**Q** 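The following block contains the structure, expressed as structure tokens.
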Amino acid sequence: MEIKTLSFSVKTKGNTDIIDITNNVSDLVSSSGLNEGSVLIFVPGSTAGITTVEYEPGLLKDIPEFFEKLIPSKKIYHHDETWHDGNGYSHVRASLQGASFTVPFQNTKLLLGTWQQIILIDFDNRSRNRTINVQIMGK
Ligand code: ZN
């Protein structure tokens, strides 16, 4: 088995911006020289998350609405008393979401469903330039 640790960068608008990173990941896997294994996708930072969704316009509204209902952006958070950066809700959302996702691959192709994309959600309250770490394990 081999391990390859790679990365790519994406610009986000923040404010629960949802970005399809499926092609970024599948390009790294298909050029890795590995045929079969699994790929771990991890976002460093405490205000973003990685998961999967059907990347279509309705869900791109439903997901931010869900997070707004569950973890409102207008509420005062203790974190804001600590740093006064106004993004307490961003941290709580990111903790709930989780910072990584793993996908198996075979014959250099990700074993995703047809309507299943890998997404980065940037919960921060400003635009960010995110580096995504990708660790490919396989043979
Ligand atoms: Zn903060």
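Numbering of ligands and ligand atoms starts at 1, following listing order. Computation of the quantities below employed the complete heavy-atom set of this structure, encompassing side-chain atoms and omitting hydrogens, waters and symmetry-equivalent molecules. Every value quoted in this text rests on a predicted model; they were computed, and no experiment measured them.
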**Q** Which protein N, O or S atoms lie under 2.8 Å from the Zn ion (ligand 1), given by chain and residue number?
**A** His79 NE2, Asp85 OD2, Asn87 OD1, His91 NE2

**Q** Do any side-chain atoms of residues 100-116 form donor-acceptor pairs under 3.5 angstrom with protein atoms, and if so which ones, sequence neighbours left out?
**A**
{"unit_1": "Gln116", "atom_1": "OE1", "unit_2": "Gly113", "atom_2": "N", "d": "2.8"}
{"unit_1": "Gln116", "atom_1": "NE2", "unit_2": "Thr52", "atom_2": "OG1", "d": "3.4"}

**Q** My understanding is that only residues two or more places apart in sequence, or in another chain, count here; which of them pass side-chain hydrogen bond (donor to acceptor under 3.5 Å, both in side chains) with Thr51?
**A** none

**Q** Considering only distance and modelled atom types, tabulate donor-acceptor pairs under 3.5 Å from the side chains of residues 65-75, sequence neighbours left out.
**A**
{"unit_1": "Glu68", "atom_1": "OE1", "unit_2": "Ser73", "atom_2": "OG", "d": "3.0"}
{"unit_1": "Glu68", "atom_1": "OE1", "unit_2": "Arg93", "atom_2": "NH2", "d": "2.9"}
{"unit_1": "Glu68", "atom_1": "OE2", "unit_2": "Ser73", "atom_2": "N", "d": "3.0"}
{"unit_1": "Glu68", "atom_1": "OE2", "unit_2": "Ser73", "atom_2": "OG", "d": "3.1"}

**Q** If hydrophobic clusters are built by linking Ile, Leu, Val, Met, Phe, Trp and Tyr wherever their side-chain heavy atoms come under 4.5 Å apart, do Ile50 and Ile136 end up in the same one?
**A** yes

**Q** Can you hop from Ile18 to Ile21 via hydrophobic side chains spaced under 4.5 Å?
**A** no

**Q** How far does CD1 of Ile121 sit from CD1 of Ile63, to the nearest 0.5 angstrom?
**A** 5.5 Å

